[in-house]
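For reference, the structure is listed below as structure tokens.
We use all heavy atoms of the structure for the numbers below, so side chains are in, but hydrogens, waters and symmetry mates are not.
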Amino acid sequence: MSALANKENPSTAASAKLAAKVLPFSGKHGSRIDFRRAALTALRNVVPPLVVLALILLVWQVLCSSADASLPSPHRVWQDSYDLIAYPFFNYGSQDIGLGWRVLISLQRVLYGFGLAAVTGVIVGAIIGQSVWAMRGLDPIFQVLRTVPPLAWLPLSLAAFQDSNPSAIFVIFITSIWPVIINTAVGVRNIPQDYRNVAEVLRLNQFEFFWKIMLPSAAPYIFTGLRIGVGLSWLAIVAAEMLTGGVGIGFFIWDAWNSSRLPDIIVALAYIGIVGFALDKLVAALGKLITRGAMAN
């Protein structure tokens, strides 16, 4: 029996080698399946919004195609505002510029205001989450202030800064800082006690605890607040620019309304929606990259 088994061993080894040689082919087949699955996933995510958009445009065209319609149809918007759609970066003067330049100017203000709100909100939120007395003293005040509409702050900011540009930046700051503070404080309060015990064992100072323990643990909550805050920032700048003037996208809408250019307003609204969607996805992608896919509920 042992001799027979020894004779069969070479064939078994040969079959094992043959199976090993076949493995690369199965790996290629698996990669093809993954590629097909990714393509199908992309189609499932892209096709439904395109179908819904086509239906909306069709209904809009039917409802607004008559001569006495109060709103322009999609066909009329394309005809009357073709230059704004096809050439977003033309520049014929100080006020005669494309919507692409106006969006960039508005985004610059958002960058200043939201960046300041992000830094300040994370620091203040960490203090509130770490200190019970700070939470009891500041949380009720913040809950009251965060309900104030953005434009209600504009007269005070104009009186304080005497200039439209810093006033708009302040409105962005005061509008977007509250979700950052609140979510950061919640994230800090939810740090596991084991992490705090490890920090005590390692004798970390306050700065080391903030940088090595607090920020990584609260990062999912922080980015949830940042994602909400960047959306509020974009809403605030459009509303503020309608009143402060300048060359931003918000003032363009107000100026188009005064000139009865409804097709231009509709195109500007499309720009605003696309840019706001891109900002939200950008912050969400950055949060997933830093937190390695962990998101707060």
Side-chain angles (χ1 to χ4, degrees), residues 49 53 56-57 59-61 63-65 68-114 117 148-158 161 163-176 228-283:
L53 179 60
I56 292 174
L57 292 176
V59 173
W60 179 12
Q61 179 67 33
L63 295 178
C64 299
S65 59
D68 58 346
S70 58
L71 295 177
S73 64
H75 181 69
R76 181 185 166 191
V77 171
W78 177 263
Q79 286 184 333
D80 296 351
S81 303
Y82 175 78
D83 291 339
L84 294 176
I85 300 173
Y87 307 102
F89 291 100
F90 69 83
N91 189 351
Y92 299 140
S94 58
Q95 285 292 339
D96 192 8
I97 60 177
L99 289 180
W101 295 117
R102 295 182 184 274
V103 167
L104 291 178
I105 294 172
S106 298
L107 283 176
Q108 184 180 15
R109 295 172 176 170
V110 170
L111 178 63
Y112 292 149
F114 176 69
V148 178
L151 291 183
W153 295 100
L154 189 58
L156 291 179
S157 62
L158 287 172
F161 296 104
D163 191 8
S164 61
N165 192 49
S167 299
I169 294 175
F170 174 78
V171 170
I172 296 170
F173 168 80
I174 203 67
T175 303
S176 60
I228 300 173
V230 74
L232 294 177
S233 298
W234 190 237
L235 294 176
I237 186 57
V238 173
E241 286 177 345
M242 288 185 178
L243 301 180
T244 58
V247 292
I249 189 69
F251 177 74
F252 174 83
I253 293 177
W254 188 250
D255 183 65
W257 164 253
N258 292 329
S259 302
S260 299
R261 302 195 311 268
L262 292 181
D264 292 353
I265 295 177
I266 294 174
V267 175
L269 292 179
Y271 272 82
I272 292 172
I274 293 173
V275 173
F277 177 78
L279 289 175
D280 178 77
K281 293 301 181 182
L282 178 62
V283 176

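No side-chain heavy atom of L111 sits under 4.5 Å from any side-chain heavy atom of Q108. Counting only heavy atoms from C-beta outward, the side chains of P150 and L235 never approach each other to under 4.5 Å. Looking at N165 and Y112, their side chains never come closer than 4.5 Å, going by heavy atoms from C-beta outward.
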What pairs of donor and acceptor atoms, side-chain ones from residues 238-253 against any protein atom, are under 3.5 angstrom apart with sequence neighbours left out?
residue : atom : partner : partner atom : Å
E241    : OE1  : S106    : OG           : 2.9
E241    : OE1  : I249    : N            : 3.2
E241    : OE1  : G250    : N            : 2.9
E241    : OE2  : S106    : OG           : 2.9
E241    : OE2  : R109    : NH1          : 2.9
T244    : OG1  : A240    : O            : 3.0

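In this structure, CD1 in I169 is found 14.0 Å from CD1 in I174, a value given to the nearest 0.5 Å. The structure places CD1 of I266 at 6.5 Å from CG of L262, a figure rounded to the nearest 0.5 Å.
Considering every non-hydrogen atom in both S176 and I172, the closest pair reads OG-O, 2.8 Å. In terms of heavy atoms, I85 sits closest to Y271 at O-OH, 3.9 Å. Nearest heavy atom pair, residue F114 against residue G229, reads CE1-C, 3.7 Å. The minimum heavy-atom distance linking T175 with V171 is given by the pair OG1-O, 2.6 Å. Taking every heavy atom of both residues into account, D80 and P263 meet most closely at OD2-CG, 3.8 Å. Heavy-atom minimum distance, L71 versus C64: O-CB, 3.4 Å.
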Might you work through the side chain to side chain contact (heavy atoms under 4.5 Å, CB included) test for L279 and L107, ending with a clear yes or no? CA-CA 10 Å; L279 289 175; L107 283 176; 3.9 Å; yes
Would you check, one step at a time, whether the test side chain to side chain contact (heavy atoms under 4.5 Å, CB included) holds for W101 with F90? CA-CA 8 Å; W101 295 117; F90 69 83; over 6 Å; no
Should L104 and F89 be marked as a side chain to side chain contact (heavy atoms under 4.5 Å, CB included) after you check the CA-CA gap, both sets of side-chain angles, and the distance that decides it? CA-CA 10 Å; L104 291 178; F89 291 100; 3.8 Å; yes
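A donor-acceptor pair is defined here as one N or O able to donate and one able to accept, closer than 3.5 Å; no such pair exists between the side chain of W78 and the backbone of S73.
A search for salt bridge (charged side-chain N to carboxylate O under 4.0 Å, His left out) contacts involving D83 returns nothing, not counting sequence neighbours.
Using cut-offs of 30° and 60° on the angle between ring planes, the pair W153 and F170 is perpendicular.
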